[in-house]
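Computed from heavy atoms alone, side chains included, the values below leave out hydrogens, waters and symmetry copies.
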Amino acid sequence: MQFSDLDLSKTYSYADYLQWTFEERLELIKGKIFPMTPAPASVHQRLSWIISGELYSFLKGKPCEAYAAPFDVRLPRKGENDDKKIFTVVQPDVCIICDLAKVDDRGCTGAPDIVVEILSPGNNRKELQNKYEAYEESGVKEYWIISPQDESFLKYTLVDGRFQASKLMTTGEIVTSPILPGFQLPLETVFSAV
């Protein structure tokens, strides 16, 4: 099967996703196909590398783990862990998982504690609308959005089942998280790659 053979109006499951062998990368959000850009820009990759490195250093010897894309995160509806009933499979740029029982040889089943997405030209709607809804509904505790274009950082925190936005942060400010006590991510370090 070729990517061009897929009917983009259909609803697909993780079981379907596992059968596809074409080279194009994609994500499923609520059963709908969202193609990924063929290869992220170099600035995107540098930002991902910096953030992953900072998290890796901090998490050594701690109970949480960080994973960088490509890493499948399956977001099932409550109690629906069968591959045919999972309709959302995403590949966050970086995710932090503290309940390691969610991690298996295929990625993660269930909401990571923190999801980091780096905006690229052309994916803003997917990140800011479609993934936002999927992450909120699945119970992601924090959703970090990093925009290299305007060197900004926005954190959504789950409060009573709904995301609450932080203030927009930029160079000179430091990101912290109650999920990772003691962690500090200076945005000056992050945006030094831009």
Side-chain angles (χ1 to χ4, degrees), residues 25 27-30 32 34-59 62 64-71 73 75 88-98 108 110-194:
R25 294 178 53 220
E27 295 174 299
L28 289 178
I29 301 176
K30 299 180 183 181
K32 298 301 175 193
F34 288 83
M36 297 177 73
T37 54
S42 58
V43 70
H44 179 285
Q45 293 305 87
R46 284 193 303 271
L47 288 173
S48 179
W49 182 256
I50 289 168
I51 294 162
S52 296
E54 294 287 322
L55 288 164
Y56 175 78
S57 294
F58 177 79
L59 292 174
K62 294 186 174 65
C64 301
E65 293 181 355
Y67 295 88
F71 180 78
V73 172
L75 300 174
T88 298
V89 185
V90 292
Q91 292 189 8
D93 291 311
V94 180
C95 62
I96 295 97
I97 302 163
C98 297
C108 172
D113 293 85
I114 300 173
V115 167
V116 180
E117 296 284 7
I118 301 165
L119 299 179
S120 297
N123 77 347
N124 293 359
R125 179 171 180 224
K126 178 174 71 168
E127 307 299 346
L128 297 174
Q129 181 179 352
N130 303 99
K131 282 189 172 182
Y132 172 99
E133 292 171 4
Y135 292 149
E136 183 180 62
E137 289 169 10
S138 68
V140 170
K141 293 176 186 170
E142 289 185 6
Y143 177 25
W144 300 1
I145 299 174
I146 298 169
S147 174
Q149 291 81 13
D150 59 4
E151 298 185 15
S152 67
F153 175 97
L154 183 64
K155 175 172 59 173
Y156 289 101
T157 303
L158 197 66
V159 178
D160 298 325
R162 305 291 295 174
F163 276 145
Q164 302 294 317
S166 69
K167 73 178 188 85
L168 194 63
M169 299 172 72
T170 191
T171 302
E173 297 183 86
I174 297 173
V175 176
T176 61
S177 170
I179 296 168
L180 306 173
F183 176 71
Q184 294 189 345
L185 179 64
L187 291 179
E188 190 140 332
T189 300
V190 173
F191 294 124
S192 67
V194 177

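Counting heavy atoms from C-beta outward, Tyr135 and Glu117 have side chains that approach closer than 4.5 Å. Two residues are said to be in side-chain contact when any heavy atoms from C-beta on lie closer than 4.5 Å; Leu180 and Asp113 fail this criterion. Contact annotation: the side chain of Ser138 never approaches that of Val73 to less than 4.5 Å [non-hydrogen atoms, C-beta and beyond]. Using a 4.5 Å cut-off on side-chain heavy atoms (C-beta onward), Val43 and Ile118 make no contact. Put simply, the side chain of Ile114 does not reach to within 4.5 Å of the side chain of Phe183, judged on heavy atoms.
For the side chain to side chain contact (heavy atoms under 4.5 Å, CB included) criterion with Ile146, the lone passing option out of Val116, Val94, Leu119 is Val116. Here the options are Leu154, Asp93, Leu185, Val115, the test is side chain to side chain contact (heavy atoms under 4.5 Å, CB included), and the partner is Trp144; only Leu185 passes.
What you find for Ala165 and Tyr156 is that their closest heavy atoms are CB-CE2, 3.5 Å. Counting all heavy atoms, side chain and backbone alike, Ala68 lies closest to Ser52 at CB-OG, 3.8 Å. Closest approach of Ala134 and Ile29 over heavy atoms only: CB-CG2, 4.2 Å. When all heavy atoms of Phe163 and Leu158 are compared, the closest pair comes out as CD2-N, 3.8 Å. Pro112 and Leu75 get closest at one heavy-atom pair: CD-CD2, 4.3 Å. Between Thr157 and Glu142, the shortest heavy-atom distance links the atoms OG1-CG, 4.2 Å.
Remark: Lys32 pairs with no residue by the salt bridge (charged side-chain N to carboxylate O under 4.0 Å, His left out) rule, at least two apart or across chains. Under the salt bridge (charged side-chain N to carboxylate O under 4.0 Å, His left out) criterion, Glu136 pairs with Arg162, sequence neighbours left out. The side chain to side chain contact (heavy atoms under 4.5 Å, CB included) check on Ile174 picks up Thr176, Gln184, Pro186, with sequence neighbours excluded.
The local environment of NZ in Lys141 is sparse, with at most 12 non-hydrogen atoms from other residues, nucleotides or ligands closer than 6.0 Å. Within 6.0 Å of CD in Glu188 there are 12 or fewer heavy atoms belonging to other residues, nucleotides or ligands.
Judged by distance alone, the side chain of Ser57 and the main-chain N or O of Gly53 form a donor-acceptor pair under 3.5 Å. Side-chain atoms of Thr88 come within 3.5 Å of backbone N or O of Lys30 as a donor-acceptor pair. A donor-acceptor contact shorter than 3.5 Å links the side chain of Glu27 to the backbone of Gln91. A donor-acceptor distance shorter than 3.5 angstrom exists from the side chain of Thr170 to the backbone of Glu151, with no hydrogens or angles considered.
Taken together, Cys108 and Cys95 fail the criterion of an SG-SG distance shorter than 2.5 Å.
If you check the side chains of Thr189 and Glu54, you find no donor sitting under 3.5 Å from an acceptor.
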Between Val175 and Phe153, is a side-chain contact (heavy atoms from CB on, under 4.5 Å) present by the stated rule, with each step listed? CA-CA 9 Å; Val175 176; Phe153 175 97; 3.5 Å; yes
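The aromatic rings of Tyr143 and Tyr132 sit tilted, their planes meeting at an angle between 30° and 60°.
Within the model, atoms CZ of Arg46 and OG of Ser192 stand 9.0 Å from one another, a figure rounded to the nearest 0.5 Å. In this structure, CD1 on Ile145 lies 10.5 Å from CG on Leu168, to the nearest 0.5 angstrom.
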